[in-house]
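What you see is a predicted model, and the numbers here were worked out from it, not measured in a lab. Just so it is clear: chains get the letters A, B, ... in the order the sequence lines come, proteins before strands, and each one is counted from 1.
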Number of protein chains: 2
Amino acid sequence: MYIHTFALAMKLEQAIQSTKFKSEVHKAVLHILYTAWWLKTQSAKELKEFGLTHEQYNVLRILKGKYPEQMCVRDVASRMIEKNSNVPRIVDRLELKKLVERNTSQLDKRETVITITKEGIALLEASTLVMDERMSKQFQLPEEEAVTLNLLLEKIREIEE
Amino acid sequence: MYIHTFALAMKLEQAIQSTKFKSEVHKAVLHILYTAWWLKTQSAKELKEFGLTHEQYNVLRILKGKYPEQMCVRDVASRMIEKNSNVPRIVDRLELKKLVERNTSQLDKRETVITITKEGIALLEASTLVMDERMSKQFQLPEEEAVTLNLLLEKIREIEE
DNA sequence: AATAAATACGTGTATATACATTTAATTTGG
DNA sequence: CCAAATTAAATGTATATACACGTATTTATT
């Protein structure tokens, strides 16, 4: 008989070896930073077998979202999670691996249009399968609690003017 | 009359130009990554006037926590939020700025013990004042909601075995 | 139309992460 | 007690972030 077990997440206190926090809000800030690092590490592990980094995967996903339409660098950048991502340089690496193609736009020669190649799509689909599999299996958070989490995360970004 | 106003946080959908998410959990994952980036960007702005990066500030805080005790590189690393931080290299930069001192441990010559200098403490205290000021003013999240947020973040890291 | 301003992208530099390898010191096991 | 294993830190390399700056092109202004 197969028995499901759940590993208790390592408490933040253990993870960063600190027990005293100025407040729960302060702890939450550190917790968000730690959880983001943890999430990135988890996906990086999966993506490694496909020779992709987290950021390269993200760019491929963005391009696939518009496929077969092309996207210029600025459009890709506006959809990146980390807003200071240097998209031209990430595209450099994807181009070397022949996962995307880069061309000067004929409508506006300042723009570079990027297209995901067939190889890019194939690799993205294979890796997305694995990523989604993990996503659906790994996270034990019920949908309604995820809704709450999303609300709280929005609230923490509310700033006084 | 001074009137307090609160800027509504930019919705995740706007921030990353996406409207469709596979689920609320999937959205929450992207939301955590985005919020972590946003938080880091906010502190980086404050720390810039002190010539510190987020990571250098973090190392100084860790050293101050044990001061006047010394800490070895491994102990500092175990308290870092991002577990793959390359502490020797961050210490290189702090040493150049004379904010820390580095010596070989006499008890175990493999270890390097690091001490925060008086200049380091002064800079840390000045920057912490500004950082805490922002923290207490900026975040509009009530303590009890921060407790919930911390619980949910712990839950998302629960994994099936 | 000619010039100025703005825009898109690429590139340079400093810092950081991720991870493998090297070196020196210490611990362990025969 | 010594060889092997382990440990701590430093270092090398690839990738990414943060940000300034340069260049080409387009748009706006006079």
Whole-Å distance between [N] [atom2] and [X] [atom1]?
{"X": "A/Arg93", "N": "D/dT17", "atom1": "CZ", "atom2": "C1'", "answer": "11 Å"}
{"X": "A/Glu95", "N": "C/dC9", "atom1": "CD", "atom2": "C1'", "answer": "13 Å"}
{"X": "B/Arg74", "N": "D/dA10", "atom1": "CZ", "atom2": "C1'", "answer": "16 Å"}
{"X": "B/Asn103", "N": "D/dA10", "atom1": "CG", "atom2": "P", "answer": "11 Å"}
{"X": "A/Lys109", "N": "C/dT7", "atom1": "NZ", "atom2": "C1'", "answer": "16 Å"}
{"X": "B/Asp92", "N": "C/dT15", "atom1": "CG", "atom2": "C1'", "answer": "12 Å"}
{"X": "B/Gln42", "N": "D/dA18", "atom1": "CD", "atom2": "P", "answer": "12 Å"}
{"X": "B/Leu107", "N": "C/dT27", "atom1": "CG", "atom2": "P", "answer": "10 Å"}

Self-check item: Comparing B/Gln106 and B/Ile90 on DNA chain C - which has the more 5′ nearest nucleotide
Solution: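 Whichever sits nearer the 5' end wins; that is B/Ile90.
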Self-check item: Nearest-nucleotide 5' precedence on DNA chain C, B/Ser85 against A/Asp108
Solution: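 Result of the comparison: A/Asp108.
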Quiz item: Looking at the side chain of A/Arg110, which of D/dA10, D/dT17, C/dA6 is the nearest nucleotide?
Solution: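 Nearest listed nucleotide: C/dA6.
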Quiz item: Which one of A/Lys40, A/Arg134, A/Lys137 satisfies the salt bridge (Lys or Arg N to Asp or Glu O under 4.0 Å) criterion with A/Glu46?
Solution: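 The single option meeting the salt bridge (Lys or Arg N to Asp or Glu O under 4.0 Å) with A/Glu46 is A/Arg134.
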With a sphere of 6.0 Å drawn around [atom1] of [X], does it hold more than 12 non-hydrogen atoms of other residues, nucleotides or ligands?
{"X": "B/Leu96", "atom1": "CG", "value": "yes"}
{"X": "A/Lys97", "atom1": "NZ", "value": "yes"}
{"X": "A/Lys11", "atom1": "NZ", "value": "no"}

Reported [atom1]-to-[atom2] distance for the pair [X] and [Y], which is rounded to 0.5 angstrom:
{"X": "B/Asn84", "Y": "A/Thr41", "atom1": "CG", "atom2": "OG1", "answer": "6.0 Å"}
{"X": "B/Gln42", "Y": "B/Met131", "atom1": "CD", "atom2": "CE", "answer": "10.5 Å"}
{"X": "B/Leu141", "Y": "A/Arg157", "atom1": "CG", "atom2": "CZ", "answer": "12.0 Å"}

Practice problem: May I ask you to say whether B/Arg102 pairs ionically with B/Asp92, meaning some side-chain N is under 4.0 Å from a carboxylate O? | Solution: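 Result for this pair is yes, salt bridge flagged.
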Output yes when at least one side-chain N/O atom of [X] is less than 4.0 Å from OP1 or OP2 of [N], else no.
{"X": "B/Trp37", "N": "D/dT17", "result": "no"}
{"X": "A/Ser105", "N": "C/dA8", "result": "no"}
{"X": "B/Thr53", "N": "D/dA18", "result": "no"}

Quiz item: Out of B/Met71, B/Gln70, B/Glu69, which one pairs with B/Thr115 under the side-chain contact (heavy atoms from CB on, under 4.5 Å) rule?
Solution: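 By the side-chain contact (heavy atoms from CB on, under 4.5 Å) criterion, B/Thr115 pairs with just one of B/Met71, B/Gln70, B/Glu69: B/Gln70.
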Could you write out each protein N or O paired with an N or O of nucleotides 19-22 of chain C at a distance under 3.5 Å?
residue	atom	partner	partner atom	Å
C/dC19	N4	B/Asn86	ND2	3.3

Practice problem: Using the closest heavy atom to pick a nucleotide of DNA chain D for each, name whichever of B/Val73 or A/Gln56 lands nearer the 5' end. | Solution: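 This one resolves to B/Val73.
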Quiz item: Is B/Ser43 reaching over with its side chain to a backbone N or O of B/Leu39, donor-acceptor style, under 3.5 angstrom?
Solution: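 Yes: the side chain of B/Ser43 pairs with the backbone of B/Leu39.
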Practice problem: Using five pairs at either end of the helix from C/dA1-D/dT30 to C/dG30-D/dC1, determine the angle between the two local helix axes and round it to 10 degrees. | Solution: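 Between the axes fitted at each end of the helix from C/dA1-D/dT30 to C/dG30-D/dC1 lies an angle of 10°.
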